[in-house]
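No experiment lies behind these values; they were computed from the predicted model shown.
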Amino acid sequence: MGKLEKEMDARGWDYTIVGCDNNAGTQVGQVEIEAARLSGIRTGRVKYLVFALSGFFAGLAGLVLLSRVNSGMGNAGLGYEFKVITCVVLGGVSVAGGSGRMSGVIAGTFIISALNNGMVLINLNSWIQNIVLGIVLVLAVGFDCYQKKKQAN
């Protein structure tokens with residue numbers, strides 16, 4: 001973790017109302033939801049806020065896409081799921097859940113974007129691009145599983 005990330009974690013996010021409640025991070029929405037509730041976190045409110053923010057940012061992403069293509073189509077985002085999952089897993093978010101950082105997801109997004117850009121520049125077919133992304137995803141999941149086993153031992 002970089003110095004700036006530590007500073008942001010220590011000063012910014014933790015002292016906000018949402019930051020204190022969401023500091024339980026993995027507790028809200030998983031098995032430990034009762035522990036979060038008993039420690040004073042309003043789990044219903046936090047879930048509502050997280051889903052509302054997710055919807056807001058999804059709508060904002062739709063508006064950005066609309067402004068780029070100058071049209072609104074129902075299937076405009078079709079096929080992005082695979083790239084998003086690959087970016088997130090490559091960024092260090094565990095497939096089993098419970099760990100990961102936003103900075104890792106951003107780094108994974110940059111890596112996949114650079115990989116896609118390179119594949120377009122060398123004029124690869126789209127199905128070969130999907131195969132390459134699939135191989136990257138399998139390698140990232142395999143590495144994640146290897147790390148989990150190594151930590152367990």
Side-chain angles (χ1 to χ4, degrees), residues 1-14 16 18-33 36 46-153:
M1 182 183 323
K3 191 174 183 180
L4 180 62
E5 287 177 312
K6 286 181 183 178
E7 191 74 24
M8 290 290 287
D9 283 344
R11 295 193 180 183
W13 181 248
D14 288 344
T16 64
V18 176
C20 290
D21 287 351
N22 204 23
N23 208 9
T26 59
Q27 292 179 351
V28 179
Q30 291 190 2
V31 178
E32 297 90 2
I33 193 165
V46 171
K47 277 186 181 181
Y48 180 79
L49 182 63
V50 168
F51 279 114
L53 285 174
S54 175
F56 171 75
F57 286 120
L60 184 65
L63 287 174
V64 169
L65 184 63
L66 174 70
S67 69
R68 284 188 67 196
V69 297
N70 291 328
S71 67
M73 298 181 299
N75 60 354
L78 205 60
Y80 283 135
E81 306 89 6
F82 180 59
K83 289 180 183 178
V84 168
I85 291 170
T86 306
C87 291
V88 168
V89 172
L90 186 64
V93 175
S94 177
V95 180
S99 65
R101 298 191 56 82
M102 194 64 193
S103 58
V105 173
I106 292 171
T109 303
F110 283 137
I111 292 169
I112 293 298
S113 296
L115 184 64
N116 276 334
N117 192 20
M119 289 188 294
V120 168
L121 288 175
I122 63 172
N123 203 20
L124 282 179
N125 290 333
S126 63
W127 59 274
I128 294 176
Q129 292 180 17
N130 284 337
I131 290 172
V132 171
L133 286 178
I135 291 170
V136 170
L137 178 61
V138 167
L139 289 175
V141 170
F143 184 71
D144 179 49
C145 292
Y146 173 74
Q147 279 189 328
K148 290 281 185 187
K149 281 185 180 180
K150 191 174 177 182
Q151 284 179 351
N153 291 336

Kindly compute the distance separating [atom1] ([X]) from [atom2] ([Y]), expressed to the nearest 0.5 Å.
X      : Y      : atom1 : atom2 : result
Leu90  : Leu115 : CG    : CG    : 9.0 Å
Met119 : Asn130 : CE    : CG    : 8.0 Å
Arg101 : Ile106 : CZ    : CD1   : 10.5 Å
Asn116 : Ile111 : CG    : CD1   : 12.5 Å
Thr86  : Leu139 : OG1   : CG    : 11.0 Å

Please name the pair of heavy atoms, one in [X] and one in [Y], separated by the smallest distance, quoted to 0.1 Å.
X      : Y     : value
Asp144 : Ser94 : OD2-OG, 3.4 Å
Leu133 : Lys83 : CD1-CG, 3.8 Å
Leu65  : Tyr80 : CD1-OH, 4.4 Å

* Residue pair Val120 / Gln129, side-chain heavy-atom distance below 4.5 Å -> yes
* Asked: Would the number of heavy atoms belonging to other residues, nucleotides or ligands and lying under 6.0 Å from CZ of Phe143 be above 12?
  -> no
* To do: Going by the side chain to side chain contact (heavy atoms under 4.5 Å, CB included) test, name the single residue among Val89, Val93, Val84 that passes it with Val105.
  =>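 Among Val89, Val93, Val84, the one that satisfies the side chain to side chain contact (heavy atoms under 4.5 Å, CB included) with Val105 is Val93.
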* Asked: Taking Ile112 as the fixed residue, which of Val88, Val136, Leu137 is the one that meets the side chain to side chain contact (heavy atoms under 4.5 Å, CB included) rule?
  ->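 Filter result, single survivor: Val136.
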